[in-house]
S.K.: 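First the structure, then my questions, so here it is.
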Amino acid sequence: MAKTPQDVLRQIKDEGIELIDLKFTDLHGKWQHLTVCTDLLEEDSFTEGLAFDGSSIRGWKSINASDMAMVPDASTAWIDPFYRHKTLSMICSIQEPRSGEAYDRCPRALAQRALNHLSSTGLADTAFFGPEPEFFLFDDVRYNSSEGGAFYSVDTIEASWNTGRLEEGGNLAYKIQLKEGYFPVAPNDTAQDIRSEMLLLMGQLGIPTEKHHHEVAGAGQHELGMKFAELIQAADNVMTYKYVVRNVAKKYGKTATFMPKPVFNDNGSGMHVHQSLWKGGQPLFFGEGTYANLSQTARWYIGGILKHAPAFLAFTNPTTNSYKRLVPGFEAPVNLVYSEGNRSAAVRIPLTGPSPKAKRLEFRSGDALANPYLAFSAMVMAGLDGIKNQIDPGDGEDRDLFELPAEELAKIATVPPSLNGALEALNADRGFLTTGGVFSDDFIDNWIDLKYEEVQQLRQRPHPHEFAMYYDA
């Protein structure tokens, strides 16, 4: 049962809570936090918030208008398992302390605007999201980027390139070859106990969990499975997922990354996102006797997703590294079509059997460096635009898109090949996001400016592999 502010205040007193940790998500999808003494948290704090300086948060306030307030959500409260002192953690949204209005650039507040807009349309009242973030575990990560040189090095005991390495006690082999990580048992899979601890801990923190396993990439790629939830709770769960993964990894002397493509020539990490709309407790995506048992509403929603994907990839795939994963041949869907059960399509309709409640679609192109509040909101806005304008997605594509001849592939729309391409698409196609004031033009312009700066950072730097290709050309 969801906690109320009164429940939280009672828990603080009854359980001897020593400190309160307030966590919020910045624009880039990273948790920031402030720890306060328990006597600073009062019932009014859950509506008026607690003040902080927002000028040092990237892409937020200038120093002359930096006062902001964190408003904790009582339903997100849990005891932080990684702190020595007994600390109650809560996820916050950000508001303007003078007006009491939600801050326009707060991702969690934006997600609430998306839900308010969803309800106002009368088309649906609930959006369910089921994200599947993937990640890598490494034993050693080193990198540097300076004027006189650049390099990176990642390593894991599981990697195939370590078959010849001298290891303490002897090299026992049992390495995992490229693209063969799905899914061998121990001793090849060295992270069973680590993943189990991550999954069970997530469950203790209130996230409904399902499974865990090694992923396709041989160099230490993994996934934990959690159940679907309503949009904001699903985004909260992604943030908690990342927090647990990183901290449990550190406990075992390992490091976790959600970078989409940290390893050359092996599969990258995505974040497939299952989604469906409901109204009055009834699912809207099921239509018996049609292709994949999709309702007309679901088809139009898919039409909006496929039409606007080049633009909203600026949120679902928001880094330059994201597009090193989105290339053919690595199970990363780059073709903007939909299919029943076909994992080579950008939108897959999972085989769910006869239950109308299980009918959903899965958008497969995104990755876990996305800010989940922004990514989920952008996708639901694209889907709603598809329903509103009755956008026809065409026929489902059941051929293996990775094996189609070039002349056939040329007829199929694809995702942008770079972050810059996605930003250009977002700039040109933003109307579906600004409908109902969900995303403002200021928010989108600020996002484009922040992300274009990342594009420029890469454009200006020689790449180490360019020396292999061009130094003595």
S.K.: Is any side-chain N of the basic residue among K251 and E197 closer than 4.0 Å to the acidic one's carboxylate O?
M.R.: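 Salt bridge between K251 and E197, a charged N being under 4.0 Å from a carboxylate O: yes.
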S.K.: Are Q275 and Y301 packed together at the side-chain level, in the sense that at least one heavy-atom pair is separated by less than 4.5 angstrom?
M.R.: yes
S.K.: Any chance you could lay out the salt bridge (Lys or Arg N to Asp or Glu O under 4.0 Å) test for R195 and D189, step after step, and finish with the verdict?
M.R.: CA-CA 11 Å; R195 292 196 308 270; D189 179 3; 2.7 Å; yes
S.K.: Here's a test for you: under ring-ring contact (aromatic ring centres under 6.0 Å, His included), which of F258, Y83, W31 qualifies with Y243?
M.R.: W31
S.K.: Can you check whether E340's main-chain N or O pairs, donor with acceptor, with Y291's side chain at less than 3.5 Å?
M.R.: yes
S.K.: Taking the basic N atoms (NZ, or NE/NH1/NH2) and the acidic carboxylate oxygens, is any pair closer than 4.0 Å for D441 and R430?
M.R.: yes
S.K.: Thinking salt bridges, do R108 and D236 make one under a 4.0 Å N-O criterion?
M.R.: yes
S.K.: Inspect the contact between R299 and D395 and indicate whether a charged nitrogen and a carboxylate oxygen are less than 4.0 angstrom apart.
M.R.: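 Answer for the salt bridge query: no.
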S.K.: Give a yes or no on whether the backbone of K23 and the side-chain of Q32 come within a donor-acceptor separation of less than 3.5 Å.
M.R.: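 Answer holds: no.
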S.K.: Salt bridge between R364 and E362, side-chain N to carboxylate O under 4.0 Å?
M.R.: yes
S.K.: I'd like to know whether F315 forms a ring pair (Phe, Tyr, Trp, His ring centres under 6.0 Å) with W447, so could you lay out the CA-CA distance, the side-chain angles of the two residues, the decisive distance to 0.1 Å, and finally the verdict.
M.R.: CA-CA 9 Å; F315 296 109; W447 182 262; 5.1 Å; yes
S.K.: Any Lys/Arg nitrogen of R10 or D7 sitting under 4.0 Å from an Asp/Glu carboxylate oxygen of the other?
M.R.: yes
